[in-house]
Novice: 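I have a structure I would like to understand better, so I am pasting it below and will then ask my questions one at a time.
To find a chain, count down the sequence lines: A is the first, B the second, and so on, and within it residues start at 1. Quantities reported herein were computed from a predicted structural model and do not represent experimental measurements.
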Protein chains: 2
Amino acid sequence: MQASPDTRITILDRSIPLYAAKGYSGVSMRDIARAVSISPAALYHHFPNKQALYLAAMERAFADKALTITATVRSEGTALQRLENFIERFTRLMADDPDFRMLLQRELLDGDQQRLRLLVDRVFAEPFTAVSELALELAPDCDPHLMTISLAGLVLFHFEAAPLRQFLPGMRAEHDQPEVIARHIARLMTRALESR
Amino acid sequence: MQASPDTRITILDRSIPLYAAKGYSGVSMRDIARAVSISPAALYHHFPNKQALYLAAMERAFADKALTITATVRSEGTALQRLENFIERFTRLMADDPDFRMLLQRELLDGDQQRLRLLVDRVFAEPFTAVSELALELAPDCDPHLMTISLAGLVLFHFEAAPLRQFLPGMRAEHDQPEVIARHIARLMTRALESR
DNA sequence: GTCTATAGCCTGATAGAC
DNA sequence: GTCTATCAGGCTATAGAC
């Protein structure tokens with residue numbers, strides 16, 4: 001740690017939305033320097049090169065993002081109730097932090113082994129395990145790994161596809177609201193999983 | 001059209017995998033020229049600038065991609081059978097053409113209005129409508145637009161998340177096989193939608 | 001239709017003053 | 001810790017010969 005870590009943190013916080021919007025190769029050191037109102041050279045006092053700055057920005061963007069998700073899945077209540085709570089929380093996380101969501105999408109496309117492992121360790125390992133256990137409880141005859149991936153995709157893709165949806169038939173403004181999305185998914189999953 | 005459109009088409013076919021792997025700003029005109037074994041200057045005989053080359057590559061990568069999907073959804077059989085056939089076809093499309101899938105993911109992040117509309121017109125308008133009609137038939141009480149988005153995300157995310165899955169608990173090699181993914185999704189949706 | 005050469009700008013990164 | 005100045009190289013795009 002430095003004597004004044006403020007600048008370092010400011011650099012990270014200003015570069016996160018830039019990288020989310022335009023990706024690693026779409027954002028130059030000059031772009032970041034401009035956003036922080038310092039000279040490009042000053043960035044190299046805080047980070048050895050562009051890659052290290054980017055990696056530090058990812059670490060910060062991803063840190064502890066999923067704590068509430070894990071807690072929600074492991075809280076009290078019936079399995080179905082916990083599933084619904086998870087869907088609602090995860091949907092709201094995606095809606096409330098579009099930078100996080102877009103960085104995730106970009107890392108799935110461009111992340112190397114090191115960064116993907118960071119993503120798992122920092123964000124997804126715990127909630128993934130928790131949801132897998134919940135899935136096993138709800139549908140013992142289904143593969144919990146596949147089921148957890150399905151649940152995540154079900155939520156994430158509604159946001160991922162948002163830019164396309166405006167051109168697709170049947171689109172309505174309320175389809176952008178996280179509550180509407182969560183309710184739709186919860187109903188779908190409830191139908192699939194409730195005891196019959 | 002030119003007297004010899006071969007070079008133009010070669011340029012597009014070689015640039016598609018490059019753009020899929022590294023994105024618009026990650027691929028230079030020099031990269032493309034190298035892949036086609038011509039000089040960078042020669043590219044400008046076939047396309048006025050980099051943007052136009054990229055747009056033409058997208059048009060080619062997306063052309064008629066979903067014809068078989070639409071036909072599958074509108075073929076004969078019970079609604080549930082057509083749903084299962086759609087899931088299987090769409091899963092195989094994603095598995096067989098990773099360039100198309102990654103370009104789609106990139107366009108969802110970076111596409112401007114013009115390119116997103118192209119994507120809808122060239123690829124998704126027809127199958128989306130067909131699947132929406134099928135969804136309305138299977139679940140009249142659900143919003144067909146939301147349901148179609150859900151179905152697409154359910155399939156797509158299994159491939160999107162593949163680079164991350166290797167680090168997630170419960171992963172098995174067979175989870176990469178399109179047949180396994182399709183069967184999992186089909187069972188999930190059948191449970192949710194079959195008359196009860 | 002393709003080449004070589006190059007203009008003009010942007011890139012990541014460094015040197016050295018303060 | 002930040003600055004100005006700068007380097008070496010990559011970038012898109014063009015000029016003009018063949």
Novice: Starting from P on D:dT14, measure out to CZ on B:Phe47 and report it in whole angstrom.
Specialist: 15 Å
Novice: In chain order, what residues pass the side-chain hydrogen bond (donor to acceptor under 3.5 Å, both in side chains) check against B:Ser25, with sequence neighbours excluded?
Specialist: A:Ser25
Novice: Without placing hydrogens or testing angles, list every side-chain donor-acceptor pair under 3.5 Å for residues 153-164 of chain B, not counting sequence neighbours.
Specialist:
unit_1, atom_1, unit_2, atom_2, d
B:His158, NE2, A:Ser150, OG, 2.8

Novice: Using a 4.0 Å cut-off on protein heavy atoms (strictly under), produce a 5'-to-3' string for nucleotides 13-18 of chain C with B for base contact, S for backbone-only sugar-phosphate contact, and - for none.
Specialist: BBB---
Novice: Heavy atoms from C-beta onward define the side chain here; which of D:dC11, C:dC3, D:dC3 lies closest to that of B:Ser28?
Specialist: D:dC11
Novice: Could you tell me which residues satisfy side-chain hydrogen bond (donor to acceptor under 3.5 Å, both in side chains) with A:Arg187, sequence neighbours excluded, listed by chain and number?
Specialist: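 Partners of A:Arg187 by the side-chain hydrogen bond (donor to acceptor under 3.5 Å, both in side chains) criterion come out as none, since no residue qualifies.
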Novice: Nearest whole angstrom, please: distance from the P of D:dT2 to the CG of A:Leu43.
Specialist: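 Going from A:Leu43 (CG) to D:dT2 (P), I get 9 Å.
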Novice: Figure out the CG/C1' separation between A:Leu53 and C:dT11, and round it to whole Å.
Specialist: 15 Å
Novice: Please report the distance, rounded to the nearest Å, between CD1 in B:Ile11 and P in C:dT2.
Specialist: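 Atom-to-atom, B:Ile11 to C:dT2, this comes out as 7 Å.
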Novice: Just how far, in rounded Å, is P of C:dT4 from CD1 of B:Ile38?
Specialist: 12 Å
Novice: Of all residues at least two apart in sequence or in a different chain, which pass the side-chain hydrogen bond (donor to acceptor under 3.5 Å, both in side chains) check with A:Asp121?
Specialist: none
Novice: Mind checking side-chain hydrogen bond (donor to acceptor under 3.5 Å, both in side chains) for A:Ser28 and listing every partner two or more places apart, or none if nothing turns up?
Specialist: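 Here the qualifying residues are A:Asp31.
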Novice: Taking OP1 and OP2 of D:dT14, is either one under 4.0 Å from a side-chain nitrogen or oxygen of B:His45?
Specialist: no
Novice: Establish, yes or no, whether the cationic atom of B:Lys50 lies under 6.0 Å from the six-membered ring centre of B:Tyr44 and within 45° of the ring axis.
Specialist: no
Novice: Ignoring backbone atoms, test whether A:Thr7 places a side-chain nitrogen or oxygen under 4.0 Å from the OP1 or OP2 oxygen of D:dT2.
Specialist: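 Yes, because at least one side-chain N or O of A:Thr7 sits under 4.0 Å from OP1 or OP2 of D:dT2.
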